[in-house]
Amino acid sequence: MLGHHIVSLLRERHPESLISVLDIRTTHNRHEGDGVMYFDGDITSRETVCSVLERARPEVVIHTASPTLMGGSKELFEKVNVGGTRCLLEASAEMGVKAFVYTSSASVVSDGVTDVINADERWPYVPRDLQTEIYSQSKADAEVLVLAANRKGGMLTTAIRPAGIFGEGDVQLVAPMFAAYKAGKTGFQLGDNNNLFDFTYVTNAAHAHLLAAVALLYACHNKIPTPDRRRVDGEAFFITNDQPAYFWDFPRAVWKAAGDTTGIDVKIISKGVGLAIATILEWLWWAAGKEPSLSRRQVKYSCMTRYYNIGKAKERLGYKPIVSLPDGVEKTVKARIYHFLALGYFAWTAR
Amino acid sequence: MPSASELLYYAVHPNQLRSIIQWKVWHSPVHERNAENESRELRRCFYFLDQTSRSFSAVIQELHPELLVPVALFYLILRGLDTVEDDMTIDLAEKEPILRNFYGILDKEGWTYNGNGPKEKDRQLLVEFDVVIAEFSKIKQAYRAIIKDITKRMGNGMADYANNAEHNTNGVNTLKDYDLYCHYVAGLVGEGLTRLFVESGLANPALLDRPHLHESMGCFLQKTNIIRDIREDFDDKRRFWPKAVWSKHVSNFEDLFDKANEDVALNCISEMCLNSLRHADECLFYLAGLKEQSVFNFCAIPQVMAVATLELVFRNPQVYQRNVKITKGDACQLMADSTNLRSVCNIFQAYIRKIHKKNTPKDPNFLDISIACGKIEQFIESIFPSQDPKAIAQARGKPVSAEDAEKAKNDAAARKEMLYLLLAVVGTLLLISFIMVGVAYLAGARFDIALSELRKGKLSPPVPGSEEAQKIIFQHDHGEL
């Protein structure tokens, strides 16, 4: 999803640029017209990557590929996120790529349980033994590789750490919320909802990637070394909408945009009770061999504070969100509703 | 004397009464005004200060001696200006030159004015304005220059509004007009006070480099009062809520007061509160620049009152019916607590969260309000961080040695063993009790009698076979017979 939005923004801002897209499947979300070449392939295969780079000869590589948070096993995350990144880094350096922008994750400093309050880039990675999310661990491992590769073989690297990306075509954040809406589960709240949370509209994340790419190219062509406090290469940047909101207010805004009329008179389940229910459900569903509808992981996640201070990105990348959170929610929900309307229309015409 | 209803109120709200008593009994002012060394004129000035400002008089009188008189006079001068502007019985032709020249009047020894209508509550201040002018001439030249500059600009601003027929009939139109109006009546006061503080050396001069901060200090108070006073202003035929806001919710301003429109009227309050809320973080930023205790209290107290008022008016339908006010007990508690930045931030956070709790998805500005609250919380977090990356790194950073790991493992195992042991003991006890009770029950024990006797407070059984024992058995088995 992010890659698609980066291509859109890139074509809008730099129509002269030649864009190549490499993905495991490139049948979805294709851009019409010239200027974008599509390659189907696996980033963990050195051969594939090299052959694509050979044909495209890019100055900049933006690496956004990753299995979704919920959609991967430990092996898959390691193979794609760590192995794939290593493969891309080595091939890119070899092929004379100048700038390498890696999509990391804001979760590299979050263990998925403990609060992360107004964190900036001084916050340390979560050590391996404390990390409960295998996804986050693999993103952190890959980020270390990317930042370590900076200025090796003349290539500059940087890592963008977006927090909670959502937008048109999003399957991770907004899609489950729609499912909850459809199932009529909007009347519940886990925890006291005083926990602030950062969400990032996808266009803003795409914008940050392009800013980073431009900054790297500038540093690459500029003979005078950038002073340390302005440096982008070899650095990581948290990216958010710079508008932390109370956790449950975000899904409520989504549900409302979709037509929900539930007010604030929802059933509040405290964190403790939520955990107890989830534990029982997990055991019961485990006995039945199914996935429970409420897991302890979800309870902890929705009761956790997680927001960031993005001062560094503002200062060094000149980043500022270009779409506000309410506008982003509006656009996302509209696109989703149109998408379903269109599906309905095709289903109807097909009859 | 408190009225009967007040007495009743405090009888059921002891906490409120407690706050008031604590404030009255234990509060010790940072600085105390010494009335004995004051001239007759100055004492008269403080008399007027008490008369004209219910809320400000107390905090002004606790100010540092260097600022006490200048700030008190500044207040009285602006109050005098306001008394001319507010009085609709004065002809515009007479009013305008007074407003525009009020700063010059400050040099006119003996100037007084009795053109106010008899109903004007503060008319006496202008009738005896010579006492203010007399004292004004005695303060430092630098303070006089600041006060005159603000008086001049505010007087001209007021005269422009008085001349503006559109404003007088239709009230404030756009959001820009609203901000400009608040600038003239409150933002300028913020600027004047800040310049006085800096001039006296009691505040950080950097505050003057960020003029939007003192602008916000004034606007946050003014805008919150404008929301609270909607009913009063409406009855006086004045409109300060910008049309740009209310016209989104109702087509006629009057419709806001119709109970049939309560839902949209509440959304309108929310949007007004949201506009006000956006100044809150800058107010805290400003307060962070104040070091002298009395100046801090002087600035912080009105701000915490404002945030408490904002919470009170947020989505409160009563606002359209009457002038809602925070209780006296809450006010005393807030004043007692507003002594340092940390506790002021805590108060802000508490009220911000209360606002957030009342925020509802039915409101068109639902997410914007959530974000505005979040922004204030994030700002507080930036002044007083609750997490320290170094501490996190240190806590985790200790490389776990094999020995430590072994020890931790053993500890965990020992804890687990202990838990199992406890469970086993409790389980055994429960089982034995269960069996004993069960056997007794089967053997015909009368638990019903035992329980009801226990409930009556008799802890020991009567002697078996005694008359008392017979009586009890009889009662239970034959009831009322």
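Just so you know, these numbers come straight off a predicted model, no measurement behind them. Per chain, numbering begins at 1; letters A, B, ... match sequence-line order.
- Looking at B/Lys357 and A/Asn194, their side chains come closer than 4.5 Å, going by heavy atoms from C-beta outward.
- B/Lys248 is linked by a salt bridge (Lys or Arg N to Asp or Glu O under 4.0 Å) to B/Glu271, counting only residues two or more places apart in sequence or in another chain.
- Against chain A, the residues from residues 368-382 of chain B that qualify, each with a non-hydrogen atom under 4.5 angstrom away, are B/Asp368, B/Ser370, B/Ile371, B/Cys373, B/Gly374, B/Glu377, B/Gln378, B/Glu381, B/Ser382 in number order.
- Chosen from A/Thr114, A/Asn193, A/Asn241, A/Val109, the residue pairing most often with chain B at heavy-atom distances under 4.5 Å is A/Asn193.
- Top candidate by heavy-atom pairs under 4.5 Å with chain A, chosen from B/Asp363, B/Asn365, B/Leu367, is B/Leu367.
- Within the 4.5 angstrom heavy-atom criterion, no atom of A/Phe197 approaches chain B.
- B/Asn359 CG to A/Arg252 CZ: the interatomic distance, rounded to the nearest 0.5 Å, is 9.5 Å.
- Scanning both residues, A/Asp249 and B/Phe366, for their nearest heavy atoms gives O-CE2, 3.3 Å.
- When all heavy atoms of B/Pro364 and A/Lys256 are compared, the pair lying nearest together is CA-NZ, 3.6 Å.
- Contact annotation for residues 299-310 of chain A against chain B (heavy-atom separation below 4.5 Å, listed by residue number): A/Tyr307, A/Tyr308, A/Asn309.
- Heavy-atom distances place the side chain of A/Leu196, and not its backbone, under 4.5 Å from chain B.
- Within a 6.0 Å sphere centred on CZ of B/Arg353, heavy atoms belonging to other residues, nucleotides or ligands number more than 12.
- Using a 4.5 Å heavy-atom cutoff, the side chains of B/Ile392 and A/Pro124 are in contact.
- Listed by chain and number, the residues in a salt bridge (Lys or Arg N to Asp or Glu O under 4.0 Å) with A/Arg161 are A/Glu143 (sequence neighbours excluded).
- In terms of heavy-atom pairs under 4.5 angstrom with chain B, the leader among A/Asp242, A/Val329, A/Val116 is A/Val116.
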